[in-house]
Amino acid sequence: MFPRLGKFATIRTVRGPAGARRRQQPSECVSLRFMLSIILLLTALGCSALPTRTLSLPSRYTLVREPLVVYSDFPVEAHHRLLDELIARRGDIGRILDLPYSNERIHVYLFENTDRFQRFMRRYHPDLPDRRAFFLETDTRLMVYAQWGDRVAEDLRHEVTHACLHAVVPNLPLWLDEGLAEYFEVPRGYAGLNRENLGIVVGQMERGTWNPDLKRLERIGPNDEMNHEEYAESWAWVHFLLHGGTEGAELLRGYLADLRAHAAAEPVSQRLERLVASPNQALDHHVRRLATTLN
Ligand SMILES: [Zn+2]
């Protein structure tokens with residue numbers, strides 16, 4: 001069961017039900033398989049049929065910082081450090097994952113506040129859960145909806161990561177899509193250490209409920225929902241692959257290269273079983289080592 005965006009759209013990924021995660025309004029990532037609703041396209045074009053400006057997409061200002069095109073109803077500094085970081089993050093993603101840069105533009109609609117964002121979402125996407133930000137994909141456009149606020153940087157890093165990945169990698173499994181977005185949503189210089197997710201995993205360890213299972217994550221379908229623990233575990237596997245040794249990073253890069261080449265690839269779990277005798281144990285050791293950084 002999952003919410004829909006009109007009859008053309010399906011939810012690609014979610015971050016769990018509103019309020020269930022420690023984040024007050026987690027962001028959400030949505031892929032539109034075919035096209036956005038007519039209403040959405042009209043709003044993007046500033047159609048005069050809209051009831052009020054407050055119910056349209058932000059459009060007063062347009063700022064181009066390739067590959068980003070930022071639309072807002074308030075001025076945004078062309079060299080705002082947040083935009084500089086997003087541009088640099090795109091470079092990080094390409095370098096760390098050995099992925100090419102795409103020239104495809106990422107259209108970022110930046111709502112000036114929560115109220116404005118929620119009014120728009122309730123009007124045009126009433127079936128969607130309460131979230132701070134969304135990534136949307138059509139056959140021709142990559143889009144991010146986000147709201148200005150205390151967590152806009154984190155939200156944009158997360159959603160723009162999805163856009164960068166979707167621009168060059170087809171059929172990315174949901175767990176890896178989210179695991180990578182959770183990895184790259186932390187500020188540059190943190191080496192992907194997502195303390196919120198690490199805290200979730202450590203909490204599971206303390207309660208005796210930590211039972212990582214990558215094959216189970218791989219069975220999560222593109223339209224399924226992931227809960228907070230699955231987000232955290234996905235992040236943990238990604239962090240382990242990228243920081244548990246050079247072979248893990250090469251494994252992940254090879255997997256993504258195969259996806260790019262063939263739109264399908266042998267699952268990460270099978271590759272990992274050839275690399276380490278006990279992937280779960282190796283992940284457990286990796287996370288316990290990371291947990292010492294929480295103190
Ligand atoms: Zn996401």
Side-chain angles (χ1 to χ4, degrees), residues 1-64 68-77 80 82-83 86 105-138 140-163 181 185 223 225:
M1 189 177 73
F2 52 89
R4 290 185 176 276
L5 277 177
K7 65 180 178 181
F8 299 112
T10 58
I11 296 291
R12 174 69 168 82
T13 65
V14 298
R15 279 187 162 190
R21 203 172 193 220
R22 288 193 296 166
R23 299 171 188 224
Q24 291 181 342
Q25 291 178 307
S27 58
E28 179 145 353
C29 323
V30 181
S31 172
L32 308 182
R33 286 296 184 199
F34 307 104
M35 57 181 291
L36 288 176
S37 68
I38 296 300
I39 288 293
L40 189 57
L41 290 174
L42 289 176
T43 57
L45 295 171
C47 176
S48 59
L50 292 170
T52 68
R53 187 182 68 80
T54 58
L55 289 181
S56 66
L57 281 170
S59 59
R60 185 173 177 186
Y61 298 94
T62 301
L63 174 61
V64 179
L68 305 175
V69 183
V70 180
Y71 306 91
S72 64
D73 286 334
F74 60 96
V76 177
E77 288 291 329
H80 193 289
L82 173 55
L83 298 182
L86 290 175
R105 284 183 161 181
I106 300 168
H107 301 269
V108 178
Y109 294 92
L110 203 51
F111 293 77
E112 60 203 72
N113 54 47
T114 301
D115 180 65
R116 172 93 160 74
F117 180 81
Q118 290 181 339
R119 282 172 182 263
F120 178 85
M121 296 308 297
R122 278 198 294 265
R123 174 67 179 83
Y124 296 110
H125 304 294
D127 295 334
L128 292 183
D130 192 15
R131 296 292 187 268
R132 287 198 313 266
F134 293 84
F135 163 62
L136 304 97
E137 179 185 15
T138 73
T140 56
R141 281 169 81 92
L142 301 169
M143 290 167 286
V144 170
Y145 292 178
Q147 54 186 282
W148 195 261
D150 293 343
R151 302 185 75 166
V152 65
E154 172 189 324
D155 292 344
L156 285 177
R157 286 190 295 260
H158 182 104
E159 308 302 346
V160 168
T161 295
H162 282 306
E185 77 172 29
N223 293 322
E225 292 192 19

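Residues take their numbers from the sequence shown, with the count starting at 1.
Side-chain contact between Leu82 and Val76: absent, with no pair of heavy atoms (C-beta onward) separated by less than 4.5 Å. Annotation: side chain of Gln147 is not in contact with side chain of Arg116 (no heavy-atom distance under 4.5 Å). Contact of the Pro58 side chain with the Phe111 side chain is registered, since non-hydrogen atoms from C-beta on lie closer than 4.5 Å.
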- Decide yes or no on side-chain contact (heavy atoms from CB on, under 4.5 Å) for Tyr109 and Phe120, but give the supporting numbers first. CA-CA 12 Å; Tyr109 294 92; Phe120 178 85; over 6 Å; no

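In this structure, CZ on Phe74 lies 5.5 Å from CH2 on Trp148, to the nearest 0.5 angstrom. Taken from CG in Leu86 to OG1 in Thr161, the straight-line distance is 8.5 Å, to the nearest 0.5 Å. To the nearest 0.5 Å, the span separating NE2 on His162 from NE2 on His158 amounts to 3.0 Å. With values rounded to the nearest 0.5 angstrom, His107 atom NE2 is found 10.5 Å from Leu68 atom CG. Distance check, rounded to the nearest 0.5 Å: CD of Glu154 to CD of Glu159 gives 10.0 Å. In this structure, Asp127 CG and Met121 CE are separated by 10.5 Å, a value rounded to the nearest 0.5 Å.
Scanning both residues, Ala163 and Leu142, for their nearest heavy atoms gives O-CD1, 3.5 Å. The minimum heavy-atom distance linking Met143 with Thr138 is given by the pair CE-CG2, 3.8 Å. When all heavy atoms of Leu83 and Glu77 are compared, the pair lying nearest together is CD1-O, 3.8 Å.
Asp73 places no side-chain N or O within donor-acceptor distance of the main-chain N or O of Tyr61, the cut-off being under 3.5 Å.
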